[in-house]
Protein chains: 2
Amino acid sequence: MTDSRTYHHGDLRRALLAAALEAIDEVGPAALSLRDLARRAGVSHAAPAHHFGDKAGLLTALAAQGFDLLAQALTAADGDPLEAGVAYVDFAVTRRAYFEVMFRPEFYRADDAELIAARGRAGAVLRAGVAALPTGSAPVDPGRDALAAWSIAHGFATLWLAGVLPDRVGDNPRDAARTVLRRLAP
Amino acid sequence: MTDSRTYHHGDLRRALLAAALEAIDEVGPAALSLRDLARRAGVSHAAPAHHFGDKAGLLTALAAQGFDLLAQALTAADGDPLEAGVAYVDFAVTRRAYFEVMFRPEFYRADDAELIAARGRAGAVLRAGVAALPTGSAPVDPGRDALAAWSIAHGFATLWLAGVLPDRVGDNPRDAARTVLRRLAP
DNA sequence: TCCTAATCTTGCCATTGACAAGATGTCACT
DNA sequence: AGTGACATCTTGTCAATGGCAAGATTAGGA
């Protein structure tokens with residue numbers, strides 16, 4: 001399948017997405033080079049264009065795939081809001097390349113149908129995950145608590161990835177996230 | 001000062017930083033082009049290199065300046081944790097270009113001395129801003145509540161900028177932020 | 001005044017994204 | 001099996017970019 005001797009790669013689309021994940025882990029999504037992906041996959045520099053059109057097309061596909069994987073990860077938490085939050089942070093850290101693309105609409109086509117569908121699926125799981133959250137002292141807005149939960153998980157994940165958290169937070173994102181998230185979901 | 005007829009620009013460093021803010025607002029920090037900045041400032045394409053070395057150098061200066069401006073904005077909230085959070089979100093939205101660079105260390109030199117100093121100053125104001133936060137039901141870790149507060153403000157700001165929040169949140173970031181942040185600081 | 005250093009310009013090269021045109025393989029249909 | 005249409009991939013090209021080197025111009029102090 002991945003035989004480089006054949007004229008047709010056979011599985012180039014998947015190979016390019018896999019190479020993109022590697023490259024993004026190494027240099028970030030901004031410095032991603034389509035020609036580098038082509039080299040990693042052992043094809044010519046213009047091959048990626050056929051499958052994704054341009055760089056934005058490739059990142060759109062990656063983002064859509066990422067939203068589905070996030071939905072899958074959140075589903076595993078199955079009803080426990082705290083664990084859903086921990087899973088959210090864990091996804092951001094362990095599948096960093098996906099996460100970094102998903103929330104940078106300037107890198108992809110935000111109007112892509114598949115992407116919007118995948119994001120919708122992830123959003124549904126997300127809302128379901130925080131539905132069991134204990135509301136604040138007085139129940140104000142049911143959406144507010146969901147938004148607050150999403151914000152704190154997303155914020156912690158983003159700050160962790162940015163590397164700006166103080167050292168005493170430790171090096172285990174799951175444990176650190178659980179501690180912080182318990183402030184909302186005791 | 002900004003006379004384009006003279007050989008020496010006179011205030012090129014400042015002009016380039018201002019042009020960078022405009023450009024980032026238009027195309028984002030990733031697509032920033034030094035040559036475009038040079039054109040906006042009316043100088044040759046190699047002029048920016050003399051002041052900033054390379055693109056990372058320019059963004060480092062921008063990030064450092066941004067951290068000082070953030071510290072300034074947070075100081076204005078003066079002791080009120082809720083308003084500090086609102087100011088944080090407001091800074092992210094109204095000075096988007098700064099904010100988007102500040103938390104993307106892959107774009108600049110994270111080991112720059114001036115940057116580290118500015119980030120330290122902003123961090124001190126941040127910690128002071130949330131010091132008056134009411135702790136959770138049982139006081140666990142004094143740092144935990146500060147981290148939770150930072151996370152929720154940063155997360156909401158990031159999600160707002162990413163444009164992924166549902167429509168019903170409205171179009172006023174300050175009001176929306178205040179509502180969400182009240183979940184932590186009632 | 002003069003001269004040293006800072007500032008800016010011109011010229012250059014490798015890399016990249018995107019496009020066009022052609023080569024190669026695959027597959028449905030007969 | 002044969003064939004033609006189509007998908008897949010390659011080669012070639014162009015403009016734009018970042019970065020470097022060498023030179024021109026100017027400011028400001030000795």
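Residue numbers start from 1 in every chain, and the chains themselves are labelled A, B, ... in the order their sequence lines are given, proteins ahead of strands.
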Practice task
Tell me what B:H51 touches on the nucleic acid: a base, only sugar-phosphate, or nothing, going by heavy atoms under 4.0 Å.
Solution key: sugar-phosphate
Exercise for the section: Would you mind classifying the nucleic acid contact of B:A49 as base, sugar-phosphate or nothing, using non-hydrogen atoms under 4.0 angstrom? Expected result: nothing
For atom [atom1] of [X] and atom [atom2] of [N], their distance in whole Å:
{"X": "B:L12", "N": "D:dT25", "atom1": "CG", "atom2": "P", "result": "19 Å"}
{"X": "B:L16", "N": "C:dT7", "atom1": "CG", "atom2": "P", "result": "12 Å"}
{"X": "A:H45", "N": "C:dT16", "atom1": "NE2", "atom2": "P", "result": "11 Å"}
{"X": "B:D11", "N": "C:dT7", "atom1": "CG", "atom2": "C1'", "result": "13 Å"}

Practice task
For A:L58 and A:L32, run side-chain contact (heavy atoms from CB on, under 4.5 Å): C-alpha distance rounded to whole Å, both residues' side-chain angles, the deciding distance at 0.1 Å, then the answer.
Solution key: CA-CA 11 Å; A:L58 187 143; A:L32 187 69; 4.3 Å; yes
Heavy-atom side-chain proximity of [X] to [Y] below 4.5 angstrom:
{"X": "B:L165", "Y": "A:W150", "value": "yes"}
{"X": "B:R121", "Y": "B:F67", "value": "no"}
{"X": "A:L21", "Y": "A:L62", "value": "yes"}

Practice task
Decide, yes or no, whether a salt bridge links A:R96 with B:E106 under the criterion of side-chain N to carboxylate O below 4.0 Å.
Solution key: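 Not counted as a salt bridge, because no side-chain N and carboxylate O are separated by less than 4.0 Å.
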Problem - Strand-adjacent residues in residues 30-40 of chain A, judged by heavy atoms under 4.0 Å from DNA chain D - result: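 Result for residues 30-40 of chain A: A:R35, sorted by number.
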Practice task
Scan residues 53-66 of chain B against DNA chain D and write down, sorted by residue number, each residue with any heavy atom closer than 4.0 Å; if none is found, say none.
Solution key: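 Result for residues 53-66 of chain B: B:D54, B:K55, sorted by number.
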Exercise for the section: Name the closest nucleotide to the B:H50 side chain, picking from C:dC8, C:dC19, D:dC9. Expected result: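 Nearest listed nucleotide: C:dC8.
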Exercise for the section: Give the nucleotide from the list C:dT9, D:dT10, D:dC9 with an atom nearest to the side chain of B:S44. Expected result: C:dT9
Practice task
Provide the full list of side-chain hydrogen bond (donor to acceptor under 3.5 Å, both in side chains) pairs with a residue in residues 152-163 of chain A, sequence neighbours left out, each pair given once.
Solution key: A:Y88-A:H154
Problem - B:E114 atom CD: more than 12 heavy-atom contacts under 6.0 Å - result: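 It does not: B:E114 CD has 12 such atoms or fewer within range.
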Exercise for the section: Flag yes if more than 12 heavy atoms outside B:R14 fall under 6.0 Å of its CZ atom; otherwise flag no. Expected result: no
